[in-house]
Amino acid sequence: MIKKEIYLDYAATTPVDPAVIAVMIECLGSSGDSANPSSSHLPGRRAKARVEVARSQIAKRIGVSSDTVWFTSGATESDNMALIGAMRANAHRGRHLITSVLEHKAILDTAHALEAEGTEVTYVNHDSDGIVDPDQISEAIRDDTVLVSIMHVNNETGVLQDIAAIGQRCHECGVLFHVDAAQSTGKVALKLEDWAVDLASLTAHKTYGPMGIGAIYISEGVSLDPMIHGGEQEGGFRPGTLATHQIVGFGKAFELADPDSDGPLLAARRDRLWTGLNAIEGVFLNGHPAQRSPHVLNVTFPGVEGSSLQLALANVAISAGSACNSDIPDPSHVLRGMGLSDVLAESTLRFSVGRFTTEAEIDYVVGRIQDEVPRLRALASGAPAWTAS
Amino acid sequence: MIKKEIYLDYAATTPVDPAVIAVMIECLGSSGDSANPSSSHLPGRRAKARVEVARSQIAKRIGVSSDTVWFTSGATESDNMALIGAMRANAHRGRHLITSVLEHKAILDTAHALEAEGTEVTYVNHDSDGIVDPDQISEAIRDDTVLVSIMHVNNETGVLQDIAAIGQRCHECGVLFHVDAAQSTGKVALKLEDWAVDLASLTAHKTYGPMGIGAIYISEGVSLDPMIHGGEQEGGFRPGTLATHQIVGFGKAFELADPDSDGPLLAARRDRLWTGLNAIEGVFLNGHPAQRSPHVLNVTFPGVEGSSLQLALANVAISAGSACNSDIPDPSHVLRGMGLSDVLAESTLRFSVGRFTTEAEIDYVVGRIQDEVPRLRALASGAPAWTAS
Amino acid sequence: MDYSSEVEQRFLSPSRVGEFEKGTPGLVSGEAADRTLNVWIRFQVQVLDGAIRAARFSVYGCPYTVAAADWAAEWLEGRSSTALEELGMLRRYKKLGVPVEKLGKLLLIEDAAAACWRELDGLERQKRN
Amino acid sequence: MDYSSEVEQRFLSPSRVGEFEKGTPGLVSGEAADRTLNVWIRFQVQVLDGAIRAARFSVYGCPYTVAAADWAAEWLEGRSSTALEELGMLRRYKKLGVPVEKLGKLLLIEDAAAACWRELDGLERQKRN
Ligand SMILES: Cc1ncc(COP(=O)(O)O)c(C=O)c1O
Ligand SMILES: Cc1ncc(COP(=O)(O)O)c(C=O)c1O
């Protein structure tokens with residue numbers, strides 16, 4: 001039944017770029033740079049040298065200096081480190097944390113865990129386009145505020161926050177600023193130092209690097225308690241044997257991930273997709289129409305049950321809500337936060353395009369959806385109005 | 001000057017087995033199983049299925065059921081999770097932790113961090129062979145003891161603890177028992193369920209799997225607070241996108257890692273090495289002569305400065321002390337705990353053999369050391385006695 | 001979600017979707033809905049001489065609901081109209097590979113069939129009077 | 001450790017290791033040790049007519065110490081014996097690629113040379129008296 005498979009879930013994870021796979025393989029086998037980068041012998045030093053090249057590739061891509069980038073297992077860990085580590089290390093300054101309701105679960109669940117330990121958390125809202133107003137952050141900042149954590153690109157809608165403006169507000173108030181940039185790299189430019197960002201979370205696997213490796217940017221002078229103990233790796237911030245092949249792949253992926261070249265291509269694919277979907281009666285786009293990353297398109301198909309549309313498009317890998325939440329039946333907190341009803345939130349799909357997405361794939365998917373949406377709507381003909389509003 | 005490179009540092013990390021590299025590559029590129037295993041679409045489910053195969057391969061190798069194995073970024077993280085997570089979740093039972101002075105830094109540093117938070121820690125000693133007496137554990141257990149953490153195979157000496165006996169003691173007293181098994185897999189048999197182990201730390205990269213992936217075994221019914229928050233992956237114990245290629249490689253590596261076949265080969269290489277080194281005047285072996293893993297040989301060369309011997313053997317990758325500590329000039333806490341002076345601890349090298357070690361390599365290294373030790377001793381002729389005692 | 005191939009097939013090409021032509025003799029219909037579960041279902045059945053000759057449905061819901069409704073409609077055909085009163089398909093749905101946590105939604109199918117039965121019952125009372 | 005190639009070469013084949021034959025004229029020697037630093041060093045130099053004709057050393061220590069001792073011995077040869085008094089090599093060791101944190105150990109080399117100087121000085125006083 002399934003003729004071909006099309007992957008439009010690049011925001012969940014990307015396949016690893018062939019050039020990245022190549023450097024990873026160089027670090028795996030007996031004849032490769034597979035030693036422990038902490039070892040002082042020759043192969044260890046070779047591995048270490050490759051790790052340091054990767055560190056500077058990553059630093060360069062995000063606009064910071066190499067000695068502020070530390071490897072972790074991914075953005076989830078980095079998010080946890082940033083929030084827990086900064087709140088603990090700066091407890092003398094206060095116990096107030098500011099974040100937004102549209103953050104990733106790695107932030108929200110961590111904030112909840114901190115609340116259980118006595119941290120007070122303010123969750124700022126956003127407008128119906130999914131934008132957090134920097135002024136709202138200023139208003140939420142108190143004398144005992146330690147940290148503000150706002151994501152750059154939203155993983156469900158692709159909406160882009162004005163990090164530079166928020167950074168300036170935090171900087172003026174002497175409050176630390178953390179940015180979850182998991183979705184940004186390779187799609188939009190990052191200039192973390194210029195933007196007065198103190199802490200940032202990165203991950204390789206959303207940018208054609210391997211899964212299971214990420215980094216935390218810790219600006220010079222920022223105090224952070226480590227979460228994991230044991231050994232002196234990564235300046236003591238993050239002990240554990242450095243995963244050479246993962247780090248080297250991460251570095252290569254970030255070297256390749258140039259938003260200036262990838263961005264326009266992604267935007268072209270995404271726009272073609274939206275033009276096609278927009279031709280379907282009643283369909284609408286979620287999130288700000290312009291202030292957005294080029295790779296995500298979040299679309300509601302009123303009158304069509306989301307999981308049914310997903311199965312109807314079984315050979316097209318797309319996501320209902322965010323990938324990380326796909327196992328969870330609750331409608332997306334982000335979409336509800338933007339004013340969608342539960343029913344409409346469930347009638348919503350996230351499409352995300354990538355470096356390997358072709359025009360032919362887009363056209364095929366558009367055609368399929370143009371067929372399936374009317375079929376499913378017909379299946380429900382006569383249904384009450386609440387199923388589509 | 002360097003004719004060939006010989007790797008005798010398998011206890012620091014192993015190269016990845018070619019069969020493991022092959023399955024990893026299957027999960028990386030566009031045409032591979034590279035989707036997010038949490039995604040509900042077809043490629044996501046395929047990735048998930050591979051993850052579950054890996055989980056059962058690992059469970060089988062350590063003698064537990066699949067639903068007790070959860071993926072982490074490595075043994076360091078697992079060690080931290082076990083200690084911090086079990087102490088926090090069981091605070092109502094007490095705040096006393098028992099471990100030994102010869103544990104890996106991932107345990108010792110975590111224990112220190114817990115002490116700073118109010119946990120009381122008893123560090124049991126071992127005899128001069130590096131063995132922890134199970135009776136000592138029994139004696140150290142108090143009413144408020146929550147957890148005992150003892151490593152299986154010591155990473156510096158290869159000495160093996162009697163986990164079954166310690167497990168029985170803990171079980172009798174109703175105390176949780178954690179085992180750091182990072183060095184054991186593939187070298188000695190593990191029967192964690194039979195041994196009444198409640199928690200165990202595993203890592204792939206010491207057993208021909210990739211760096212940066214590990215697991216924690218959490219026996220059914222054991223309470224553990226997660227350390228990292230966000231998302232429902234891994235039963236909520238360990239959120240974050242699952243690294244398919246890493247996990248699949250880990251599983252394959254553990255499937256291949258049969259101590260019944262690898263063990264005798266390792267022991268043969270190690271014994272050949274020891275026979276050769278033992279012919280050198282004054283040399284001695286550290287750790288119990290028989291109760292040991294077949295892959296590690298810890299040897300003191302009195303009268304030879306360790307870093308000089310290392311440089312003299314620059315084309316042989318060996319470790320002074322433990323790999324993770326190689327950047328740190330302090331002499332090993334494990335060797336000093338076994339009664340060695342600082343000077344002798346510094347005159348000590350750890351050799352570790354692996355699946356790819358050949359007899360020819362052993363013979364070459366023995367020859368080199370038989371040449372270099374006398375040369376370095378001659379260099380120091382006339383030196384005071386303390387340089388060799 | 002990992003749907004069984006039967007669920008997938010019935011969902012992708014359900015055989016009894018829609019309504020009968022107006023004026024078809026013996027038609028009764030019934031519907032049920034649950035906003036919290038996001039399910040709406042409507043059955044239309046043709047009952048002649050106390051037997052269900054044909055059944056049609058419309059549905060808004062997840063693939064399990066669509067597939068189960070299709071199965072129920074098929075199952076109803078040829079049976080006595082009393083089958084509507086208590087469809088009792090829940091145990092059968094499991095055979096279809098429907099996970100337990102989804103069964104709640106499928107109760108709506110029973111409810112819709114029961115609504116048909118009530119309409120039928122009402123019509124018959126009218127006739128008798 | 002990432003040793004410079006000069007340190008590596010001098011360590012692997014030091015040119016002035018050992019002692020002179022007994023009875024060689026003009027020999028003085030001096031040693032220095034520090035247990036906490038794990039270093040022992042002994043110099044033996046041949047001084048004739050106030051000039052250092054040749055220098056030899058023995059050493060227990062890390063590769064930097066070995067290489068630096070070899071370099072110092074070479075440097076001493078041909079110089080006036082006063083060079084022993086204040087070898088002043090520390091700045092030069094940096095050129096050898098010795099990291100700063102290792103320089104402490106290398107002071108022992110200066111000490112051993114100074115001990116040679118003291119012995120020489122003692123001998124000369126004896127001669128004068
Ligand atoms: C915005 C955002 N933050 C954090 C994460 C978690 O990243 P990782 O999978 O590297 O743990 C993701 C994706 O899963 C994300 O989209
Ligand atoms: C006994 C032991 N425990 C823990 C670790 C840490 O493992 P990982 O490198 O997977 O974090 C190691 C090795 O580094 C080890 O030998």
Side-chain angles (χ1 to χ4, degrees), chain A residues 5 7 9 12-13 15-16 18 21 25 28-30 32 34-36 38-44 73-74 76-77 79-80 104-110 112-113 205 210-213 227-232 239-246 310 314-315 317-319 323-324 326-328 356, chain B residues 5 7 9 12-13 15-16 18 21 25 28-30 32 34-36 38-44 73-74 76-77 79-80 104-110 112-113 205 210-213 227-232 239-246 310 314-315 317-319 323-324 326-328 356:
Chain A
E5 280 190 23
Y7 190 75
D9 202 13
T13 193
V16 179
I21 299 177
I25 292 173
L28 287 173
S30 281
S34 61
N36 188 327
S38 297
S39 295
S40 61
H41 45 58
L42 208 60
S73 65
T76 297
E77 184 186 336
D79 282 347
N80 274 260
H104 189 268
K105 265 186 174 275
I107 293 292
L108 293 178
D109 283 2
T110 306
H112 296 148
H205 77 92
M211 292 161 140
I213 187 80
M227 210 167 47
I228 295 182
H229 313 274
E232 272 71 23
T241 304
L242 287 168
T244 317
H245 68 294
Q246 295 276 93
Q310 255 196 314
N315 62 332
I318 36 180
S319 161
C324 332
S326 300
D327 273 351
I328 314 160
F356 307 118
Chain B
E5 281 191 21
Y7 190 74
D9 203 13
T13 194
V16 179
I21 299 177
I25 292 173
L28 288 172
S30 279
S34 61
N36 189 328
S38 297
S39 294
S40 60
H41 46 58
L42 209 60
S73 65
T76 296
E77 185 186 337
D79 282 348
N80 275 260
H104 190 267
K105 264 185 174 278
I107 294 292
L108 292 178
D109 283 4
T110 306
H112 297 149
H205 77 91
M211 291 161 139
I213 187 79
M227 210 167 48
I228 295 181
H229 313 274
E232 272 73 22
T241 304
L242 287 169
T244 318
H245 69 293
Q246 295 276 93
Q310 255 196 312
N315 62 331
I318 36 180
S319 162
C324 330
S326 299
D327 273 352
I328 313 158
F356 308 117

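Throughout, protein chains are lettered first and strands after them, A, B, ... in sequence-line order, and every chain is numbered starting at 1. Worth saying up front: this structure is predicted, and the values here are computed from it rather than measured.
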Does any backbone or side-chain atom of [X] lie under 4.5 Å from a heavy atom of chain B? Answer side chain, backbone, both or neither.
X: A:I213; value: neither
X: A:I25; value: side chain
X: A:D109; value: both

Next on the checklist: Within this structure, what is the CD-CD distance for the pair A:Q246 and B:Q246, rounded to the nearest 0.5 Å?
Outcome noted: 3.5 Å
Next on the checklist: Rounded at 0.5 Å granularity, tell me how far CG in A:L242 sits from CE in B:M211.
Outcome noted: 8.0 Å
Looking at every heavy atom in both [X] and [Y], which two are closest together, and how far apart are they?
X: B:S39; Y: A:D9; answer: OG-OD2, 3.5 Å
X: A:T13; Y: B:A35; answer: CG2-C, 3.6 Å
X: B:P15; Y: A:G29; answer: CB-C, 3.7 Å

Next on the checklist: Side chains of A:E5 and B:P43, heavy atoms from C-beta outward: is any pair under 4.5 Å?
Outcome noted: yes
Checklist entry - Does the pair B:N80 and A:M227 meet the rule for a side chain to side chain contact (heavy atoms under 4.5 Å, CB included), with working shown? => result CA-CA 9 Å; B:N80 275 260; A:M227 210 167 47; over 6 Å; no
Checklist entry - In terms of heavy-atom pairs under 4.5 Å, which option from A:P18, A:S73, A:S30 contacts chain B the most? => result A:S30
Checklist entry - Who among A:Q310, A:E77, A:H205, A:H245 has the most heavy-atom pairs with chain B under 4.5 Å? => result A:H245
Item to check | From A:T110, A:L108, A:I107, A:T76, residue fulfilling side chain to side chain contact (heavy atoms under 4.5 Å, CB included) relative to B:H229 | outcome: A:T110
